[in-house]
Novice: 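So that we are looking at the same thing, I have put the structure below in structure tokens.
Since the model is a prediction, treat every value here as computed from it, not as a measurement. Hydrogens, waters and symmetry mates are skipped; everything else that's a heavy atom, side chains included, is used. All ligand and atom numbering here is 1-based and tracks the order in the structure.
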Amino acid sequence: MADASSVTNAPARGRFSSRSGFILAAAGSAIGLGNIWGFPTQAAQNGGGAFLLIYLAMVFVLAYPMLVAELTIGRLSQQNPISALRNLASGPQTRRIATVGGALGVCALSLILSFYAIVAGWLVAYMLAPVCQLLGLEELAGWFTGFSSSRNLAMMLVIMLLTILVVRDGVSSGIERWSKRLMPTLLVLLVVLAVYILNQPGAMTGLRMYLQPDFQQISPDLFVNAMGQAFFSLSLGVTGMMVYGSYLAKQENLPATAAMVAGLDTLVAFIAGLLIIPAMFVAQQNGVTIYAADGSLLSSDTLVFTVLPAMFDTMGSAGPFLAIGFFALLTIAAITSTISMLESPVNMACEQFQQPRRKMSWLAGGLITLVSATVVLNFEALFGLVITATTVYAQPLLGMLYALLLMWVLKRDRLLNELKQGFPELETSLFWKIWPWYVKFICPLMILLVFIH
Ligand code: PFF
């Protein structure tokens, strides 16, 4: 297996051509269904503004420091995640732990891709359904919106194919190029839809619910949910960010760049809240049921695939176009994330087996497609299981392991020298006074506490 010492015979690796390219690609990884779907529904169910406040705190005190840590691990060695983690080791014992931790991270990420591609496929289907309706193809529209293994398989294949085609073309001509196209489109779509919805009758009730904190809802559960949401949203703990960090030029200021990524991610989650929560109350105003029998707000899949489409149906001739725009927004958000999920296994396969990227993209992408197809065909048994195993367990625990390796095993002066390259005044900065001991002690402790709970 390759490690730091064999860097000289590693194949030529890609690199982001600009700082903005990196920021858009990393924000593309971070901004996904977690922001546009997960965050607003969690906020709606957990006291609106109260969840928003706790979430912001979690991003700031836990997720951002961990993001800097993961990006640093990648950039330090500029190698694939397994080699990057092994590069932190101080002896055979820690090298073994690093290898296992890296391999588990890449596996967990591949599993995340296997369920995420299925969900992303549903979004493509719901985007195509109104197009079919406009063309009078009612039967096809029904197939797109009905739950069936054939639909799930076909749509998942579309997502996997698009993802493979982008990753195959490499870091700057695939990932960076597409991130630069898709991310601005996503932002424009999001803002246009939010402004439209906020101007509809009923929207202000939703806005109030979103922005007025209901402090009575603050509970330990709310902290657990907010932490999980922040971890998922910043793509932490499963080597996705590590591999992007490994493509970042040494002269870039890592803490500042990571702050841009976390800031963009949080901004998009916030704006998505301005779209989704008011949209629920616009739907209610238009006669759509938004509360379940037990009085809770309808959420997750019911919200996205029942409540919102029903609302679009009540919006006259604008309805189908709004529906297409909304599901296009979700699809774009999902694809920039699936790209980052495939990159890590592909990069690892290329460097560990010294094979060309094109071949490894098809191979790794093909294998993950097979796993995803298995999940589709055993949906009841596997879908929820894979989500829980990866997002509830793997992400926080592996994230904690990576932080521990960086802070407890790596020599402090190597860490300092790495970060100083893009940040010469690091040693005298507030960041350096707080961040190292913070990631060393507080972050692992917080994760452990929340996890035990
Ligand atoms: N951050 C993505 C989202 O919010 O939907 C999901 C994700 C992407 C998780 C990449 C993990 C990952 F490595």
Side-chain angles (χ1 to χ4, degrees), residues 24-43 55 58-59 63-64 66-67 69-71 73-74 80-81 102 104-120 122-123 159 163 166-167 175 179 182-183 186 190 225-247 258 261-262 264-273 276 300 304 329-348 364 368 386-399 402:
L24 286 178
S29 167
I31 296 168
L33 304 182
N35 302 61
I36 296 169
W37 177 350
F39 172 79
T41 50
Q42 292 246 24
Y55 178 76
M58 278 291 176
V59 170
Y64 167 70
M66 298 284 287
L67 176 64
E70 254 194 73
L71 292 173
I73 296 175
N80 68 81
L104 283 177
V106 176
C107 288
L109 187 56
S110 306
L111 282 175
I112 292 182
L113 176 52
S114 77
F115 80 74
Y116 206 91
I118 300 172
V119 180
W122 296 339
L123 301 167
I159 293 290
T163 307
V166 173
V167 169
I175 300 174
S179 301
L182 293 176
M183 292 311 287
L186 177 141
L190 180 64
N225 291 341
M227 183 189 90
Q229 180 62 34
F231 250 78
F232 187 70
S233 194
L234 280 183
S235 311
L236 294 174
V238 277
T239 76
M241 283 297 181
M242 209 180 282
V243 75
Y244 275 13
S246 77
Y247 300 136
V261 174
L264 268 175
D265 183 61
T266 310
L267 180 69
V268 168
F270 177 73
I271 303 178
I276 305 276
S300 59
V304 171
L329 166 73
L330 280 165
T331 304
I332 293 174
I335 287 187
T336 52
S337 295
T338 56
I339 292 170
S340 77
M341 294 175 198
L342 183 59
E343 178 56 25
S344 182
V346 166
N347 170 241
M348 196 207 64
I368 295 169
V386 173
I387 296 182
T388 309
T390 52
T391 63
V392 180
Y393 293 95
Q395 279 197 286
L397 289 180
L398 290 172
Y402 302 159

Novice: What atoms of ligand 1 come closer than 4.0 angstrom to any heavy atom of Ala30?
Specialist: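 Matching atoms, with element in brackets: 1 (N), 2 (C), 3 (C), 4 (O).
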Novice: Using a 4.0 Å cutoff against the non-hydrogen atoms of Met341, which atoms of ligand 1 qualify?
Specialist: 7 (C), 8 (C), 10 (C)
Novice: When you compare the side chain of Thr338 with that of Ile159, does any pair of heavy atoms fall below 4.5 Å?
Specialist: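 Heavy-atom side-chain distance check passes, below 4.5 Å.
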Novice: Restricting to non-hydrogen atoms, name the atom on Leu398 and the atom on Gly237 that form the minimum distance, rounded to 0.1 Å.
Specialist: CB-O, 3.1 Å
Novice: Could you list the atoms of ligand 1 found under 4.0 angstrom from a heavy atom of Ser29?
Specialist: 1 (N), 2 (C), 8 (C), 10 (C)
Novice: Applying side chain to side chain donor-acceptor pair (under 3.5 Å), run through Gln42 and Tyr55 and close with a yes or a no.
Specialist: CA-CA 10 Å; Gln42 292 246 24; Tyr55 178 76; over 6 Å; no
Novice: Could you list the atoms of ligand 1 found under 4.0 angstrom from a heavy atom of Ser233?
Specialist: 1 (N), 4 (O)
Novice: Within the 4.0 Å heavy-atom shell around Leu109, which atoms of ligand 1 are there?
Specialist: 12 (C), 13 (F)
Novice: Could you list the residues that satisfy ring-ring contact (aromatic ring centres under 6.0 Å, His included) with Phe270, not counting sequence neighbours?
Specialist: Tyr210
Novice: Quick one: which ligand 1 atoms are inside 4.0 Å of a heavy atom on Gly34?
Specialist: 3 (C), 4 (O), 5 (O)
Novice: Mind checking whether Phe232 contacts ligand 1 via backbone (N, CA, C, O), side chain (CB onward), both or neither, at a 4.0 Å heavy-atom cut-off?
Specialist: both
Novice: Just by distance, do the side chain of Glu343 and the backbone of Gly240 share a donor-acceptor pair under 3.5 Å?
Specialist: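 A pair under 3.5 Å: no.
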Novice: Pull out every atom of ligand 1 sitting under 4.0 Å from any heavy atom of Ser235, numbered as shown with elements.
Specialist: 1 (N), 7 (C), 8 (C), 9 (C), 10 (C), 11 (C), 12 (C), 13 (F)
Novice: Please confirm whether the backbone N or O of Leu33 pairs with a side-chain atom of Tyr116, one donor and one acceptor, at under 3.5 Å?
Specialist: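 Confirmed, Tyr116 side chain pairs with Leu33 backbone.
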Novice: For the residue pair Val268 and Phe39, establish whether any side-chain heavy-atom pair is separated by less than 4.5 Å.
Specialist: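 Not touching, per the 4.5 Å side-chain cut-off.
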Novice: Could you check atom 5 (O) of ligand 1 against the protein and tell me its nearest heavy-atom contact, residue, atom and distance included?
Specialist: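 Looking at atom 5 (O) of ligand 1, the protein heavy atom closest to it is Tyr116 OH, 2.5 Å.
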Novice: Which of the atoms of ligand 1 are close to Ser340, meaning less than 4.0 Å from one of its heavy atoms?
Specialist: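 Numbered from 1, ligand 1 contributes 10 (C).
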